[in-house]
Number of protein chains: 2
Amino acid sequence: MEKTRAVTARPSPEAARDIPEATVARLPVYLRALTTLSEQGTSTCSSEELAGAAGVNSAKLRKDLSYLGSYGTRGVGYDVEYLRYQIAREIGVTQDWPVVIVGIGNLGQALANYSGFRSRGFRVVALLDADEARHDEVVAGLEVRPFSDLEQIVSDHAVAIGVIATPAVAAQDVADRMVACGITSILNFAPSVLSVPEQVDVRKVDLSIELQILAYHEQRKTQGAAS
Amino acid sequence: MEKTRAVTARPSPEAARDIPEATVARLPVYLRALTTLSEQGTSTCSSEELAGAAGVNSAKLRKDLSYLGSYGTRGVGYDVEYLRYQIAREIGVTQDWPVVIVGIGNLGQALANYSGFRSRGFRVVALLDADEARHDEVVAGLEVRPFSDLEQIVSDHAVAIGVIATPAVAAQDVADRMVACGITSILNFAPSVLSVPEQVDVRKVDLSIELQILAYHEQRKTQGAAS
DNA sequence: TCGGTTTTGTTCTCGCGTTCACAAGCGCCT
DNA sequence: AGGCGCTTGTGAACGCGAGAACAAAACCGA
Ligand SMILES: NC(=O)c1ccc[n+]([C@@H]2O[C@H](COP(=O)([O-])OP(=O)(O)OC[C@H]3O[C@@H](n4cnc5c(N)ncnc54)[C@H](O)[C@@H]3O)[C@@H](O)[C@H]2O)c1
Ligand SMILES: NC(=O)c1ccc[n+]([C@@H]2O[C@H](COP(=O)([O-])OP(=O)(O)OC[C@H]3O[C@@H](n4cnc5c(N)ncnc54)[C@H](O)[C@@H]3O)[C@@H](O)[C@H]2O)c1
């Protein structure tokens with residue numbers, strides 16, 4: 001390993017090129033748009049069409065796709081099925097991802113009942129809750145189990161992704177336990193800042209923040225009109 | 001109106017400075033961190049402490065706050081209560097925002113039951129659903145009403161913010177109706193691209209996309225380990 | 001076989017956001 | 001009163017992402 005070849009861009013054929021984070025965030029959108037097109041019977045589409053369906057600029061779409069490789073045909077466009085498979089493979093949704101949900105309250109139940117996960121390669125293998133009163137309750141065809149079963153479940157199903165839907169005060173504890181079990185990706189719905197080891201990915205979904213951002217812009221609209 | 005003075009930056013004293021979008025997205029996080037500090041009895045904090053609590057870099061925090069004004073004291077730090085009020089005022093959460101939720105299924109019910117909205121200045125004034133079987137059902141103390149009541153409710157309560165929690169196929173129709181009623185901010189949970197007039201703000205929350213992003217990174221971790 | 005047409009893949013430029021680093025300012029202690 | 005230490009606010013450098021623009025490539029029709 002002379003120099004720092006692994007870090008900088010390398011044209012090596014088998015090595016995965018590293019895809020910009022902004023692009024990674026859009027690939028699932030393209031994937032969904034392609035699925036829709038496919039269901040409508042479209043077999044080929046141009047970057048312009050696909051960009052329209054995905055709600056982005058066509059130049060941006062082409063640049064994003066170019067990070068994956070050259071899967072289009074100049075003068076023709078992209079083969080819908082082929083591109084769909086390539087994106088799915090790149091994201092990793094061709095394989096099946098086992099997921100555990102911790103905190104089966106209002107939100108946890110909604111998540112457990114959501115069919116859109118399974119159809120996109122995610123399989124909820126267990127629902128965990130600290131509240132004993134909830135145990136053995138059946139939600140979405142799965143029994144709610146005690147939080148202490150986490151280790152067992154993670155090891156049995158090789159779970160790598162955990163979802164936190166507990167109150168904010170419990171979130172850090174739950175995250176610590178998840179990390180200790182070997183979970184390396186966490187989707188956090190609790191409004192709290194999690195601290196985890198560097199190799200663990202955390203994504204946060206915070207509904208009140210979204211509303212507050214809307215409120216900010218809303219306020220500016222009305223205040224501008226008032227002046 | 002000589003030149004395009006209104007569009008470019010203007011140092012006018014009363015005019016609201018325009019705050020970068022990235023900063024706006026972080027202000028609610030600071031707000032929450034300040035609330036927590038306040039509840040713990042802290043009356044003063046440094047940018048370093050607050051940044052730690054919010055999970056960001058302290059330089060970034062200071063720059064973000066500097067867009068609002070100079071609310072800190074050099075050598076001392078920030079007054080927690082004072083800063084909290086200033087941020088709340090800037091975001092607009094000192095006032096009360098009426099909100100309607102459309103689509104009272106799994107997710108809509110969870111949202112309706114969520115107490116975190118009210119405590120942050122948002123008040124759910126109505127729950128709407130197209131399914132007649134759901135009408136008159138009571139969720140979170142509110143009666144589920146027919147979607148056709150939208151106009152009436154929006155005008156009665158001066159609603160500016162709408163939440164869409166319907167299936168994807170219905171989302172565009174719902175959005176169109178909302179816009180027609182005068183709603184100018186939409187939070188969309190359906191996995192679909194909405195097209196709305198320019199002056200309407202749309203924010204999208206897409207849980208499967210979040211999971212797919214995690215899956216992408218997860219895949220890279222394991223594949224890196226395998227090579 | 002060859003020009004024309006269409007659409008991709010890529011290069012280049014610009015602007016935004018992040019981070020470093022430091023001067024200015026404030027309080028405290030002597 | 002004056003110096004000292006601490007913390008803010010900001011100027012400047014840097015890197016990433018967005019978008020325009022174009023050259024390269026593939027198909028089509030004559
Ligand atoms: N409901 C929503 O629409 C909504 C919206 C935005 C954010 N959130 C956030 O999502 C989280 C869950 O919200 P909710 O409305 O479902 O709350 P909830 O109170 O209905 O459910 C929380 C569940 O977590 C369980 N729990 C508590 N501590 C636990 C622990 N240590 N280990 C395992 N389970 C534990 C509780 O028993 C309960 O069943 C909260 O942090 C909330 O702020 C919810
Ligand atoms: N449940 C989840 O955790 C989850 C997660 C991610 C995304 N989503 C998305 O959120 C949306 C709602 O999910 P859900 O699980 O609550 O679905 P759901 O089927 O349980 O509820 C949808 C509700 O919308 C109502 N509806 C349908 N068409 C309507 C219309 N035109 N006007 C008004 N109401 C209408 C239905 O009657 C139903 O009550 C979906 O788009 C889904 O993809 C849900």
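Just so we're on the same page: letters track the sequence lines, and every chain starts at 1.
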Compare the minimum distances between each of [options] and the side chain of [X], then state the nucleotide with the smallest one.
X: V76(B); options: dG27(C), dT10(C), dT18(C); result: dG27(C)
X: R26(B); options: dA26(D), dT18(C), dG9(D); result: dT18(C)
X: N57(B); options: dC20(C), dA18(D), dT7(D); result: dC20(C)
X: K63(B); options: dG19(D), dT7(D), dT10(D); result: dT10(D)

Quick one: the side chain of R74(A) and the base of dT7(C), do they pair up donor-acceptor inside 3.5 Å?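 Between dT7(C) and R74(A), which were checked side chain against base, a qualifying N/O pair under 3.5 Å is absent.
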Of E21(A) and R62(A), whose closest DNA chain D nucleotide lies nearer the 5' terminus? E21(A)
Hydrogens and angles aside, do S47(B) and R62(B) bring a side-chain donor and acceptor to less than 3.5 Å of each other? yes
Going by distance alone, is a donor N or O of one side chain under 3.5 Å from an acceptor N or O of the other, for Q199(A) and T184(A)? no
Roughly, in whole Å, what's the span from [atom1] in [X] to [atom2] in [N]?
X: Y71(A); N: dA26(D); atom1: OH; atom2: P; answer: 16 Å
X: D79(A); N: dT8(C); atom1: CG; atom2: P; answer: 13 Å
X: D64(B); N: dG9(D); atom1: CG; atom2: P; answer: 12 Å
X: L61(B); N: dT18(C); atom1: CG; atom2: C1'; answer: 13 Å
X: D18(B); N: dG17(C); atom1: CG; atom2: C1'; answer: 14 Å
X: K60(A); N: dT13(C); atom1: NZ; atom2: C1'; answer: 16 Å

According to a strict under-4.0 Å criterion, is [X] in side-chain N/O contact with OP1 or OP2 of [N]?
X: S47(B); N: dT7(D); value: no
X: Y78(B); N: dC26(C); value: no
X: T73(A); N: dT8(C); value: no

Are any side-chain N or O atoms of [X] and backbone N or O atoms of [Y], one a donor and one an acceptor, separated by less than 3.5 Å?
X: R84(A); Y: V80(A); result: no
X: Q109(A); Y: N106(B); result: no
X: T73(B); Y: V76(B); result: no

Residues touching DNA chain D, which here means a heavy atom under 4.0 Å, drawn from residues 192-207 of chain A: none
Between S70(A) and P20(B), who's closer to the 5' end of DNA chain C by nearest nucleotide? S70(A)
Against the six-membered ring of F147(A), is R177(A) placed for a cation-pi contact (under 6.0 Å from the centre, within 45° of the normal)? yes
Side chains of I91(B) and I213(A): does their closest heavy-atom pair fall under 4.5 Å?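 No, their side chains stay 4.5 Å or more apart.
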